[in-house]
Student: 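Encoded as structure tokens, here's the structure I'll be asking about.
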Amino acid sequence: MIALLLRDLKLAMRAGGGFGLGLVFFLIVTTLVPFAVGPQSDLLASIAPGVLWLGALLACLLSLDRLLALDWEDGTLDLLATAPLPLEAVVSVKALAHWITTGLPLVLAAPVFGVLLNLPAPGFFWLVASLAVGTPALSVVGTFGAALTVGLKRGGLLLSLLVLPLYVPTLIFGAEVARRGAQGMETGTPLLMLAGITLATIALLPFASAAVLRVNLR
Amino acid sequence: MIALLLRDLKLAMRAGGGFGLGLVFFLIVTTLVPFAVGPQSDLLASIAPGVLWLGALLACLLSLDRLLALDWEDGTLDLLATAPLPLEAVVSVKALAHWITTGLPLVLAAPVFGVLLNLPAPGFFWLVASLAVGTPALSVVGTFGAALTVGLKRGGLLLSLLVLPLYVPTLIFGAEVARRGAQGMETGTPLLMLAGITLATIALLPFASAAVLRVNLR
Amino acid sequence: MTLTVTDLAIARGGVPVLEGLGFALEPGQALVVRGPNGIGKTTLLRAIAGLQPPLSGRIEGAEDRIAYAGHSDGIKPTLSVTENLTFWAAVFGARGIEGALDAYDLHELADRHAGNLSAGQKRRLGLARLLVTGRPVWVLDEPTVSLDKEAVGKFADAVRAHLGQGGSALIATHIDLGLDATTLEVGPFRALPKPVDDFDGDFL
Amino acid sequence: MTLTVTDLAIARGGVPVLEGLGFALEPGQALVVRGPNGIGKTTLLRAIAGLQPPLSGRIEGAEDRIAYAGHSDGIKPTLSVTENLTFWAAVFGARGIEGALDAYDLHELADRHAGNLSAGQKRRLGLARLLVTGRPVWVLDEPTVSLDKEAVGKFADAVRAHLGQGGSALIATHIDLGLDATTLEVGPFRALPKPVDDFDGDFL
Amino acid sequence: MSIATKANAIWQYANPKKFLATTERVLPFFWISAAICLAVGLVWGFFFTPDDFRQGSTVKIIYLHVPSALMAINCWLMMLVTSLVWLVRRHHVSALAARAAAPIGVVMTLIALITGAIWGQPMWGTWWAWDPRLTSFLILFLFYLGYIALWEAIEDPDTAADLTSVLCLVGSVFAILSRYAVNFWNQGLHQGASVMRAGAVTGTDTTEKVSNVFFYPLFLCIIGFVLLFIALVLYRTGTEIRARRIRALLARERAGA
Amino acid sequence: MMPDLGKYTEAVLSSYALSLLLLGLLVVLSLWRGRKVRSEMEQTELRISRDG
Ligand code: HEM
Ligand SMILES: Nc1ncnc2c1ncn2[C@@H]1O[C@H](COP(=O)(O)OP(=O)(O)OP(=O)(O)O)[C@@H](O)[C@H]1O
Ligand SMILES: Nc1ncnc2c1ncn2[C@@H]1O[C@H](COP(=O)(O)OP(=O)(O)OP(=O)(O)O)[C@@H](O)[C@H]1O
Ligand SMILES: [Mg+2]
Ligand SMILES: [Mg+2]
């Protein structure tokens, strides 16, 4: 399992800087928002928490479609399925590797992007906290979606379609934490809900993902 | 050339409804935005044109990475390069097919999404006009990016990184037209610029794309 | 332990392709599966490897004992030859990769990215993977595709060594491997279309 | 028109692999390229097909006359066999696809999605594509991979028919095709490493 | 010397060996003079210039901000030129020089952005505003990142050189387009370009003019940045040439084995 | 010696510090990699000319 994790991380590094690129996409989305909605800084400040969460979500989403597809195409998944590792472990490790390469850098870099969008000062802590708690759920749910669509050529858009609704609860609570934090309001409840979602998905979804993957391998 | 266009369209239809999916992604982004930024309708109305443009851009972007990659992987590009068609024609046709499957449905469906985001009434016409004029440029520029990254496994994120800055001028003028239109302001200049960009990219970029593709096929 | 297949029926894409198939594969034995294109060899091997459930019949002695190698090799182009092998060695519970490199003469290529290998070199790497699995039953689908004469010889040697250690091998191929093996001709087991009026619960 | 290759040197990944290679391929002639794995056969065929520029040397009579078939077939899994063939027929300036279906006995499979074919059936489809190109020079890289005996025979027939119509064929393969063809052994043309102190502008 | 031989005299540096030998000789000069100019300019600017009557001591940031901003743009220009040379004449050194320059450009852009942001906090009351000049620098930063990422992602050096060159070309056109687009989109807060305007030093327009007290050390800093840039580019190009040579040697060894 | 920077001390000092740090990093990393690559090349050249 550790070998698998290390290999995935190594592959992410090799393939033109997997670590950096999720981040850069996040950067680009936050840069494009002002071009799209205009440069007024009060407007930007009021939508900043939401935009940052949306950016994180899309950065995750965009890297999902290769999460399992490459291993499928070159036959690695077939071979892993016949290996001594249970498929549940395989998908969990894949999700973890995805989080380390995409979610974690976003969490660490979020404050910088907050500056770009004039996020109010108290919001920074809560933005980082909500991302740290919420992004693992994005990776785990994303892995499930990737397992569902792995056999399909051009699964990319279908994958987004399947995964985005599943992301809605995480997005709502995550953005709510960040927004309330930015406005200096109380954030306990949504943060608790967010943590609950993350823990539940981590505990349960890998079984669904493995089952779905097994069906797709047939 | 027509055969190639028809084949691409057919492939898009077969692969789980290429037409529909771009649209659905657009739908999902526009529905996620209220969750992310909160439901105040005046805020939504003021960012609506920008969000719709951003959604269109991301829907385009997300479908780009399979634009040439699939043909590359299964050797079709090698064969097309040795066929009597010039590569310039091939990439132009590919871009056209991409526009028909992604850009065109967005243009047609944009008014519906405008309603979801409380777009002010005068904005509808200008939104559609700006999308109709601007999205071809997105497809052509995207084809260039796809040609640049076609040989790379996991080119997806790199592709976004390369293409998004190239999308900036189109996005600015497009969103500007839509925004000014929504506020009942004069839209002539940005629309003219937008049209200029589209025409120039259509006329010139296919040569760059073909050159780059030829290098990648070596 | 013997791999025993009894009265097996398998389907591909919902269509039964082979039925009534049975054989036993003893340790030390190699079985070559032959049959025309499209008869169902790949399907059979995948079923035995546990990748797809059979329609009916039993497969015994396969669980966790099989090393499968299909048409695609599971090779990562951005990892070097050594890295690829080391990964699989780790997954299957580490043994050294030296033996595998030796058997297919990969030492020279050890530091090359796998994406920069020629078709035959890539195949050799894929076959070398079998040696690091430590699994006793090899299930191979057209293993010698793209290999030159010399490499086919190396492969035959590797199989012979594996059999000598009490392993066994099930190989689907169209060419002659120069192995001392039993042949299983699957042509006769082709599934016959059922009568149309038989509208049963499985739609088969 | 003859395909003439004179004093060709080619490189792969920046490393020269073959040099000093020359041959002439007359209409009606087949040339089988042989050599061990990794010697540079694929590279040679790609250079002749115009997909990569040679380091030096001349290739004459190739422009717009070549039908190339490499390791991957360019088959779309979601299109049917007929649709795949029709597309290529249209790209190369339509001729009917009936002849191609006949030659490789694809009529039965004509309406199947290409993704649902077995390895050998897919390959047959890939070879059938050559017949709809109408190009006189076939450049084929290991065309018989995954084919059974009967299909290899069909392929040999198709090549013979093509030669009979004044076409020519350049085929890289490791197995015996049963064709009456000249053999070009590329082993002797392996590029020798240059002396080290030669710090030239091309970094070769 | 006739024009033709002069031209030849330039192209001979396209030979890696010749390039290495020459840069070896001139590099110490560039390193030292860059260090001197920068040291003198920065010390002069930091310690011996008065505060500006409006901006207070923050005006001292100008000695880093303006030179780095200028170099960020010039570096891209240089990459554009060398990319064109590679595409037209296929001199490897030229492509490698472009590759060597990109990280320098990134750092320059970053310095301009960071010093600008720090300056903006007291002056405009915000770290970041979507002012056209600032925004176009952000876009420039993205172009640099994409360019470098493309170099890193492609393994074959010639392919990488070709692709990045075309990207640089196309990117330049779009960078200029973005500049105008951004200007159109938002007329911002930032200073106009006055240092480089003819009247900047002698002009009487007091609001726009950078007075001599500030100008001389600034000028020294600009020279220093230029020299530092040249030194870095030459040195890093040498490194790239050697890395490329190692690759070729290993490949040769492989082929011989 | 140190000039009085008034209420902008932090801004000015931090921008100098950050800029010089970045420049220093760039120079040091360039030199470091340059050294490494140079010695690597010499070793490779030596090895290859020795081996033939
Ligand atoms: C964060 C981002 C910023 C960026 C990317 C940026 C970029 C630039 C650029 C490119 C120049 C070169 C101008 C020329 O062509 O001569 C420049 C000059 C200058 N900038 Fe900034 N700037 C930023 C923020 C600021 C801030 C906040 C201030 C101060 C209030 C400022 C003050 C100046 C001044 C005084 C000049 C010299 C203008 C002249 O006289 O030429 N900049 N900046
Ligand atoms: N995904 C699929 N859906 C439906 N039918 C399929 C699918 N894949 C293969 N088939 C069909 O199932 C049959 C058995 O295929 P299989 O791949 O097992 O044949 P094979 O014996 O391995 O042939 P080959 O020698 O060509 O590799 C073939 O007739 C094939 O057309
Ligand atoms: N992308 C690449 N980069 C660097 N080297 C490569 C690359 N692809 C192939 N090579 C090397 O170039 C040489 C020639 O490869 P080529 O594919 O032409 O061999 P081949 O004769 O077709 O072999 P096979 O019979 O195995 O298909 C091989 O030694 C291979 O390792
Ligand atoms: Mg098969
Ligand atoms: Mg080959």
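Numbers restart at 1 for each chain; the letters A, B, ... are given by sequence-line order, proteins then strands. Note that the coordinates shown come from a computational prediction; the quantities given were computed from them, not determined experimentally.
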Student: To the nearest 0.5 angstrom, please state how far the OG1 atom of T31(A) sits from the CG atom of L164(B).
Tutor: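 Rounded to the nearest 0.5 Å, the OG1-CG separation comes to 8.5 Å.
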
Student: So, applying side-chain contact (heavy atoms from CB on, under 4.5 Å) with L54(B), which one of L54(A), V37(A), V51(A), V33(A) is it?
Tutor: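 Considering L54(A), V37(A), V51(A), V33(A), a side-chain contact (heavy atoms from CB on, under 4.5 Å) with L54(B) is found only for V33(A).
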
Student: Measuring heavy-atom distances to chain B, does L58(A) have an atom under 4.5 Å in its side chain, in its backbone, in both, or in neither?
Tutor: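 Just the side chain, heavy atoms under 4.5 Å.
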
Student: Could you list all the salt bridge (Lys or Arg N to Asp or Glu O under 4.0 Å) pairs where at least one residue sits in residues 132-142 of chain A, not counting sequence neighbours?
Tutor: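 Sorted result for residues 132-142 of chain A: empty, none.
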
Student: Distance check, rounded to the nearest 0.5 Å: I47(B) atom CD1 versus I47(A) atom CD1?
Tutor: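 The CD1 atom of I47(B) sits 4.5 Å away from the CD1 atom of I47(A).
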
Student: Taking side-chain contact (heavy atoms from CB on, under 4.5 Å) as the criterion, tell me which of L23(A), I28(A), L27(A) meets it with L161(B).
Tutor: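 It is I28(A), the one option of L23(A), I28(A), L27(A) that forms the side-chain contact (heavy atoms from CB on, under 4.5 Å) with L161(B).
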
Student: Under a 4.5 Å heavy-atom cut-off, does chain B meet the side chain of L61(A), its backbone, both or neither?
Tutor: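 For L61(A), the contact with chain B is made by the side chain alone.
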
Student: I'd like to know which of P165(A), A36(A), P34(A), A48(A) tops the heavy-atom pair count under 4.5 Å against chain B.
Tutor: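 Heavy-atom pair counts peak at A36(A).
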
